[in-house]
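Data first, discussion second: the structure below is written as structure tokens.
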Amino acid sequence: MNQKVLVFLLPNFFFGMFLLGFFCKRQKNLTGAFPDPTEDWLSIQNDRKSTLASVCLKNNLLKLRSKLDSRVVNQLFVELKHKFIYCEVPKVGCSNWKRIIFILQSDFSAEASEIEHDHIHQTPLIKKVESYPPATQKGFLNNYTKVMFTRHPFERLVSAYRDKLLHSEPYYSVTVANEIKAMFRKNKTSSEKVSFQEFVSFILAKPPNNLDIHWKPMFLLCDPCNIHYDVLGKYETLGLDSEHVLRVIGAPESLHYPSLKRYGSEKRTNADITLEYLRQLNSEQIEKIKKLYQMDFFLFNYTMNYEDYFSLNG
Ligand SMILES: *[C@@H]1O[C@H](CO)[C@@H](O)[C@H](O)[C@H]1NC(C)=O
Ligand SMILES: *[C@@H]1O[C@H](CO)[C@@H](O)[C@H](O)[C@H]1NC(C)=O
Ligand SMILES: *[C@@H]1O[C@H](CO)[C@@H](O)[C@H](O)[C@H]1NC(C)=O
Ligand SMILES: *[C@@H]1O[C@H](CO)[C@@H](O)[C@H](O)[C@H]1NC(C)=O
């Protein structure tokens, strides 16, 4: 064979092999025989972040000042070893996240189930970002993995009512309950528990920023337009999102998100229970709570059409 032909053919042969290799690989990817769950998860995260960013922009929620809001800093817990910041949104699995921070920090000297519910909310062992000097706070926010979790606003509201007003935690079942009764109950001598309708009237009577953290709008608690959360978790995908957070921050493989809840024998607030309570409200109240939580609906992509939402997700 002519040497010139060989010189011409050889590079073509290698190029052909290269293309073949490329397409075989591509084919494998296209068949989706091995779908990559991490990629799916990342793409959902990107969707959540881009929805959030466009709603922030559209509603002028971006702040020009770089000063941190002290009320928001008060919601942020920090774990130094894993460079992890968790924004506390009550009624969205926060007790368990605090347990995890405690375990990470204490080098596994404790098990999640050993840490009592009331204790985890008081323990000085888990630190708030607020307890550090302002320069350190900025460093944390710039360099650490920041995470917040959200829940459908109506489900969170019902969960807060059931947890705080139907149980016997004195601050809520006596102090707050008496305030609500004084404002909205006609029969002052009636000793019945605060109804969901009275509870909602009470919430609607206050400025949003003064609301108790258990029912304050989530975006006011964590300010996601100005704090760039690396993970936007949802209660609706709590297990999956939590596992990813633990792997992202490099937590030991053996650590998983616990599934403990406070009143062990009671049903978690779900779609059916939420609907049952919402039906006790009149349409004017429904419209007003939609308005109160409207940014939570928009920013975190929850539908206000709750009858549809809950019949699909319930
Ligand atoms: C195939 O998928 C892997 C991982 O999912 C990716 O890294 C690679 O670039 C893909 N290959 C092609 C040819 O698309
Ligand atoms: C918003 O939520 C809907 C319903 O859950 C979902 O189908 C859609 O993909 C979400 N959109 C974005 C941008 O995340
Ligand atoms: C954290 O961010 C600050 C900027 O706020 C930077 O100066 C510092 O070097 C960073 N620290 C680490 C450990 O990356
Ligand atoms: C007010 O409540 C008390 C105690 O529940 C009850 O005995 C009384 O009949 C009620 N009064 C009216 C006017 O409903």
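Read the numbers this way: they start at 1 and go in the same order the structure lists the ligands and their atoms. These numbers come from a predicted model, not from an experiment.
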Worksheet item: Which atoms of ligand 4 sit under 4.0 Å from any heavy atom of Ser190?
Response: 2 (O), 4 (C), 5 (O)
Discussion item. Main chain of Leu157, side chain of His214: is a donor-acceptor contact present, judged purely on distance under 3.5 Å?
Written reply: no
Discussion item. Please report whether ligand 2 has a polar contact with Arg48, defined as an N or O pair separated by less than 3.5 Å (distance criterion only).
Written reply: no
Worksheet entry | N/O separation below 3.5 Å, Ser191 to ligand 4 | no
Practice prompt. Verify the neighbour count for atom NZ of Lys290: are there more than 12 heavy atoms of other residues, nucleotides or ligands below 6.0 Å?
Written response: yes
Discussion item. Looking only at protein heavy atoms, which one is nearest to atom 14 (O) of ligand 4, and what is the separation?
Written reply: Asn187 ND2, 3.3 Å
Practice prompt. Validate the cation-pi geometry between Lys234 and Tyr302: distance from NZ or CZ to the six-membered ring centre under 6.0 Å, angle to the ring axis within 45°.
Written response: yes
Discussion item. If the threshold is 4.0 Å, N to carboxylate O, is there a salt bridge linking Lys206 and Asp212?
Written reply: no
Worksheet item: Would you say atom 7 (O) of ligand 4 has a protein heavy atom nearer than 4.0 Å?
Response: no
Practice prompt. Output all residues satisfying side chain to side chain donor-acceptor pair (under 3.5 Å) with Asn209, sequence neighbours left out; order by chain, then residue number.
Written response: none
